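A quick write-up on the structure given underneath.
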Amino acid sequence: MENRSLVTIANYSKEKILYLLEMAHEFEKHPNRKILDGKVVATLFFEPSTRTRLSFETAAGRLGARVIGFADPKVTSGTKGETLKDTIMMVSNYADIIVMRHYLEGAAQYASEVAPVPIVNAGDGANQHPSQTMLDLYSIQKTQGTLDNLNIFLVGDLKYGRTVHSLLTAMRHFNPTFHFIAPDELAMPESYKTYCRQNGIRFVETKEFNADVLSDADIIYMTRVQRERFTDLMEYERVKDCYLLKEDMLFRARANMKILHPLPRVNEIEYSIDDTRHAYYFQQARGGLFARQALICDALGITLEDIKNDKTIIL
Ligand code: CP
C-alpha cells in the first residue's frame, strides 16, 4: 500500500508542492466543508505548540473531521513506560491519520514505518517541519506572486531551526539565493550547505545585519533562538539576542519585501514593525490553516479534483 505519510519535504517534487498550494488556495476560498465527515484526526504533541496543533485541529474540524489527541505527553501512558511504537499502534486503532510533533529527530520517520495510517510530521526535534514549510511557501507565493528566483534571508538560529531546514530543502525547485545570517554558534549546519551545493542553490553566509544588507531581500525569514535546544544555557545567554530586527533597519527595503517568522516571537522582531507593510507573520500563520487542510486531505487520498468538485461546502 502507498505510504501517504509526510515526514520530510524532501520527498515532495516541484509539481507536488505546486499542487498542494493550489489545494490550499481552494480551501482559503471555502474553508468550511464536510469533506472529512466521519474521519478522525489524531494530534499527538510530545512538545509544546500553539500554532501547529491548533491550526491542524481547526483544519480538521472545519472539514468535518473529529479530533482526538493530546497536547501534553505527561497526561498519557507514556509516563507509565509505554513506547512510541505502542502509542502509535494504539492511536492507529482509533484515527485515520496521525499528526505528530516529537522532540526526537527521526521520530516521524520511525512512526511512519510502524503506523498503518499516514503520519504527518508536525516537527521532529531540530530536523524538519514540513507542514510549516507548506504554509511558508503559501505565504511567499501569495506575497511575491511566484516562488522563483527570490532572495531569501534566513536570520537567527539556523543550526537548530527546523523550519529553515525544511524551507531550504523545498526551495531547491525554485532557484533561490539564500543569505544565511547567524552567529558562529548557530550557523547553518554543514550538511545543509552541502545540500545547497549539490542542488545548485546559491547561498551567502554573513554576520552582517543592517539596512544595507537587507535592502536586497524579497523575504526576511526571522527565527527565534530556541532555549529548549541548548544543553549549555551559558551559550544560550551569549547568543539569545544576536539578531533583533528594528524598524529603522527597513528604510532601504524593497517595497514588496515581506518579513516571515514561524513564531513564536520572543524579541527578535521589534513590535512597531507589526504595523508596517513588511510584516506578514500573522497572515503567514493564518495560511497554515489552509495549507494544513490540503495536507490532511492529501494524506487521506482526497485529490484537488475532489475538492474542486466538492458539494459539501458550507457557505
Ligand atoms: N511555528 C510553529 O511551529 O509554532 P508552534 O510551535 O506554536 O506550533
Side-chain angles (χ1 to χ4, degrees), residues 6-9 20 24 41-62 67 69-74 97-108 111 119-140 142-143 152 154-171 186 219-230 236 240 243 245 258-269 273-274 279-296:
L6 170 56
V7 172
T8 166
I9 203 79
L20 287 168
V41 176
T43 55
L44 312 186
F45 276 66
F46 293 87
E47 261 195 341
S49 167
T50 297
R51 275 146 296 277
T52 309
R53 185 175 65 82
L54 294 180
S55 62
F56 265 117
E57 294 185 354
T58 308
R62 285 185 182 274
V67 176
F70 54 83
D72 180 355
K74 288 205 282 295
I97 179 172
I98 296 174
V99 178
M100 185 179 84
R101 170 171 289 186
H102 204 282
Y103 48 86
L104 288 178
E105 294 175 27
I119 298 287
V120 177
N121 181 5
D124 61 330
N127 187 31
Q128 292 272 321
H129 195 347
S131 71
Q132 176 72 43
T133 299
M134 288 310 301
L135 73 95
D136 293 343
L137 296 175
Y138 191 67
S139 295
I140 295 170
K142 266 189 95 165
T143 60
I152 302 181
L154 305 179
V155 184
D157 178 359
L158 308 188
K159 179 178 179 183
Y160 301 113
R162 58 192 174 198
T163 65
V164 295
H165 300 159
S166 282
L167 180 59
L168 183 156
T169 305
M171 286 303 295
L186 297 175
I219 296 290
I220 300 176
Y221 194 100
M222 296 297 297
T223 62
R224 171 178 69 97
V225 177
Q226 303 169 86
R227 189 177 190 278
E228 64 272 27
R229 305 275 177 235
F230 285 79
Y236 168 73
K240 68 182 169 66
Y243 291 116
L245 185 61
K258 296 297 176 203
I259 301 163
L260 303 184
H261 191 313
L263 304 177
R265 152 175 65 177
V266 181
N267 62 349
E268 54 279 351
I269 301 176
I273 290 179
D274 296 0
Y280 199 76
Y281 23 94
F282 295 122
Q283 296 98 314
Q284 176 189 1
R286 179 172 182 273
L289 172 59
F290 315 122
R292 286 171 173 136
Q293 287 185 312
L295 291 175
I296 292 171

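All heavy atoms count here, side chains included; hydrogens, waters and symmetry mates do not. What you are looking at is a predicted structure, and each value in this text was computed from that prediction instead of being measured. Note that ligands are numbered from 1 as they come in the structure, with each ligand's atoms numbered from 1 the same way.
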Can you list everything that forms a side-chain hydrogen bond (donor to acceptor under 3.5 Å, both in side chains) with Thr163? Sequence neighbours excluded, please.
Tyr221

Looking at residues at least two apart in the chain, or sitting in another chain, which of them share a side-chain hydrogen bond (donor to acceptor under 3.5 Å, both in side chains) with Ser131?
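Ser131 satisfies side-chain hydrogen bond (donor to acceptor under 3.5 Å, both in side chains) with Arg292 only.
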
Could I get the full list of salt bridge (charged side-chain N to carboxylate O under 4.0 Å, His left out) partners for Lys159, not counting sequence neighbours?
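Counting only residues at least two positions away or on another chain, Lys159 forms no salt bridge (charged side-chain N to carboxylate O under 4.0 Å, His left out).
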
Would you find more than 12 non-hydrogen atoms of other residues, nucleotides or ligands less than 6.0 Å from Arg51 atom CZ?
yes

Starting from the C-alpha separation in whole Å, work towards a yes-or-no answer on salt bridge (Lys or Arg N to Asp or Glu O under 4.0 Å) for Glu47 and Arg229.
CA-CA 12 Å; Glu47 261 195 341; Arg229 305 275 177 235; 2.9 Å; yes

Using heavy atoms and a cut-off under 4.0 Å, could you grab the residues that are in contact with ligand 1, chain by chain, numbers ascending?
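Residues within 4.0 Å of ligand 1: Ser49, Thr50, Arg51, Thr52, Arg101, His129, Gln132, Pro262, Leu263.
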
Parallel, tilted or perpendicular: which fits the ring planes of Phe46 and Phe70, with parallel below 30° and perpendicular above 60°?
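Phe46 and Phe70: perpendicular rings.
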
